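Values in this document were obtained by computation on a predicted structure and should not be read as measured data.
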Amino acid sequence: MNTLTSSVTRTLWIAVALPLLILTGCSSNTIKTTQVIPVIHEQAQIPEAELLDVGVHIFDPGLSDIDDDELLTVFPEVRKAESRYIPYQLMQTLQTSAAWGAVRVVPQEQDTIDVRVKGKILQSDGEQLRLEVTVIDATGREWYEKEYDGLASKFSYTKKRGGAVPKEPFQSLYNQIANDMLTYRREHFDGTALRTIRTTSELRFAQDFSPAAFGNHLEEDSSGEYTITRLPAEGDPMLSRIRQIRERDYLFVDTLQDYYGGFVKDMDQPYRVWRSQSYNEVIALRELKREARNRTIMGIAAIIGGIAAAGGDSGSTRAAGTVAVAGGAYMMKSGFDKRAESEMHVEALQELGDSLEASIEPQVIELEDRTITLSGTVENQYEQWRELLHEIYQADTGL
């Protein structure tokens, strides 16, 4: 074999073998577990004045931060539904810890609660759930901002013996949030600090309804944190009216819990099916993309090597080059076919998302003196309710 033939042959082998070495060298394994992190339960008896209420806000669906790769597996209608489903699951988890007062799912406009939990969905595809969670108390103090990541196993969506419904695939993630919140409260607040948070929460609500009467009870600094400057007098009639208004607000928000509960109940079955199938589709899609990329890269490499070999000065080398070009073209076509197959899986995900959206109907809630149909957003309904409360307060006080 002459020097040119040897060189071309080496070029051919390097062009074909190097991508294979790179691709096989970059593979990795993800470890998944079905073990659930338990919720930490509060064993101590907490005085009523130190028992903090928690409001879990409707989450940001995270649609404004979707990158090009995620566009294939993210469906706005599913994310919007999840922005209500996930807070409700977290609310139920926080209740099981027995560490808090009333725990409610609340619209984003509700900011006069002892402790608020805000969240953003970073990723949710049935296989992985990533959330960004921020916890803030009524004084404006941010407890923490943290990213939580949960990975479902292939057993998460398998029915148990006897047809039992599988547990929530990402329950460990919700449990971890609840545990972190309880741990932070225990480590950073004594009884006096907890009572201060509750008092600040009440004064902020009062300030919102009557700035003239309660505007000088709190002082807000440049960072958005509140300090109590003075307290209302014992038996202050204005504060008594404010407390009555606040109780009405609680009743309305409690009614919203029925809406969220009904929403989650109606959503549960189609969402469970969607996540199960999405789990399989996402894994299949990722595998198909990997195969398509590998085959395309190897095909291009084979063609490059084949072209180099076809320029050799011996018949055998040119023949080998022709075969390599043909083989490379076949691998490229195979890669493109795999990409077309992956598009079929994307369409399947879209159909599943559309079916979930179709299963969600407007909810009707009953109040004492009227019936409200929540055909719009809960946020709009709550905004109208707060306006009505202002009218009620003004009528009661004559202001």
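Distance alone, capped at 3.5 Å, places no donor-acceptor pair between the Asp254 side chain and the Arg104 backbone. Using modelled atom types, one side-chain atom of Arg79 and one backbone atom of Pro61 make a donor-acceptor pair closer than 3.5 Å. Side-chain atoms of His57 come within 3.5 Å of backbone N or O of Pro107 as a donor-acceptor pair. A donor-acceptor pair under 3.5 Å is absent between the side-chain atoms of Thr199 and the main chain of Thr196, judged by distance alone. A donor-acceptor pair under 3.5 Å is absent between the side-chain atoms of Ser210 and the main chain of Ala206, judged by distance alone.
Tracing side-chain contacts under 4.5 Å through hydrophobic residues (I, L, V, M, F, W, Y), one never reaches Ile40 starting from Ile46; they form parts of separate clusters. Under a hydrophobic clustering in which Ile, Leu, Val, Met, Phe, Trp and Tyr are joined whenever their side-chain heavy atoms come within less than 4.5 Å, directly or via other members, Tyr85 and Leu256 fall into the same cluster. When the side chains of ILVMFWY residues are joined at heavy-atom separations under 4.5 Å, either directly or via intervening members, Val253 and Leu52 end up in a single hydrophobic cluster. Residues Val135 and Leu51 fall into different hydrophobic clusters, defined by Ile, Leu, Val, Met, Phe, Trp and Tyr side chains chained together at heavy-atom separations under 4.5 Å. The hydrophobic clustering, which links ILVMFWY residues whose side-chain heavy atoms are closer than 4.5 Å, places Met91 and Val39 apart.
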*Take Asp53 and Val115 through the side-chain contact (heavy atoms from CB on, under 4.5 Å) test and state the conclusion after the steps.*
CA-CA 6 Å; Asp53 292 342; Val115 179; over 6 Å; no
*What's the verdict on side-chain contact (heavy atoms from CB on, under 4.5 Å) for Leu194 and Arg185, showing C-alpha distance, side-chain angles and the deciding distance?*
CA-CA 9 Å; Leu194 295 175; Arg185 194 204 69 193; 4.0 Å; yes
*Would Val36 and Lys167 count as a side-chain contact (heavy atoms from CB on, under 4.5 Å) if you check the C-alpha gap in whole Å, the side-chain angles of each, and the deciding distance to 0.1 Å?*
CA-CA 10 Å; Val36 177; Lys167 295 181 179 180; 5.7 Å; no
*Are Asp137 and Glu142 close enough, and set up right, to give a side-chain contact (heavy atoms from CB on, under 4.5 Å), and what steps lead you there?*
CA-CA 7 Å; Asp137 66 41; Glu142 182 177 299; over 6 Å; no
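Side-chain polar atoms of Thr229 and Glu219 form no donor-acceptor pair below 3.5 angstrom. A donor-acceptor contact under 3.5 angstrom links the side chains of Asp180 and Tyr148, judged on distance only. Looking only at atom types and distance, the side chain of Thr93 has a donor-acceptor partner in the side chain of Gln171 under 3.5 Å away. A donor-acceptor contact closer than 3.5 angstrom is absent between the side chains of Gln123 and Asp149. Tyr88 and Arg84 share no side-chain donor-acceptor pair at under 3.5 Å.
Put simply, the residue from Gln207, Arg246, Arg243, His217 that forms a side chain to side chain donor-acceptor pair (under 3.5 Å) with Glu202 is Arg243.
One distance of note links CD of Gln394 with CD1 of Ile245; it measures 10.0 Å at 0.5 Å rounding. To the nearest 0.5 Å, the span separating CD1 on Ile113 from CZ on Phe205 amounts to 10.5 Å. In this structure, OG1 on Thr112 lies 7.0 Å from CG on Asp249, to the nearest 0.5 angstrom. The distance from atom CD of Gln176 to atom NZ of Lys146, rounded to the nearest 0.5 Å, is 5.5 Å. Here Leu131 contributes atom CG and Glu82 contributes atom CD; the two are 9.5 Å apart, rounded to the nearest 0.5 Å. From Glu42, atom CD reaches atom OG1 of Thr96 across 12.5 Å, with rounding to the nearest 0.5 Å.
Nearest heavy atom pair, residue Arg195 against residue Glu50, reads NH1-OE2, 2.6 Å. What you find for Val117 and Val54 is that their closest heavy atoms are CG2-CG1, 3.9 Å. Scanning all heavy atoms of the two residues, the minimum distance from Phe170 to Ala152 falls at CE2-N, 3.6 Å. For Gly62 against Asp60, the heavy-atom pair with the smallest separation is N-OD1, 2.8 Å. Here the closest non-hydrogen pair linking Leu389 and Arg248 is CD2-CB, 4.0 Å. For Phe209 against Ile242, the heavy-atom pair with the smallest separation is CB-CD1, 3.7 Å.
Counting heavy atoms from C-beta outward, Thr227 and Leu218 have side chains that stay 4.5 Å or more apart. Using a 4.5 Å cut-off on side-chain heavy atoms (C-beta onward), Lys265 and Tyr260 make no contact. Side-chain contact between Arg241 and Tyr393 is present, with at least one heavy-atom pair separated by less than 4.5 Å. Between Ser124 and Ile121 the shortest side-chain heavy-atom distance falls below 4.5 Å. You'll find the side chain of Asn179 stays beyond 4.5 Å of the side chain of Ser97, heavy atoms only. Contact annotation: the side chain of Asp208 approaches that of Arg386 to within less than 4.5 Å [non-hydrogen atoms, C-beta and beyond]. Leu63 places a side-chain heavy atom less than 4.5 Å from the side chain of Lys80. Residues Val133 and Lys118 fail the side-chain proximity criterion, which asks for heavy atoms closer than 4.5 Å.
Under 4.0 Å is where a charged nitrogen must lie from a carboxylate oxygen, and between Asp111 and Arg116 no such pair does. Using a 4.0 Å cut-off between charged nitrogen and carboxylate oxygen, Arg141 and Glu225 do not count as a salt-bridge pair.
Ring orientation note: the planes of Tyr184 and Tyr144 are tilted relative to one another, at an angle of 30° to 60°.
A search for side-chain hydrogen bond (donor to acceptor under 3.5 Å, both in side chains) contacts involving Glu147 returns Arg130, not counting sequence neighbours.
In this structure, Arg204 is not positioned above the aromatic face of Phe214 in the sense of NZ or CZ being under 6.0 Å from the six-membered ring centre and within 45° of the axis.
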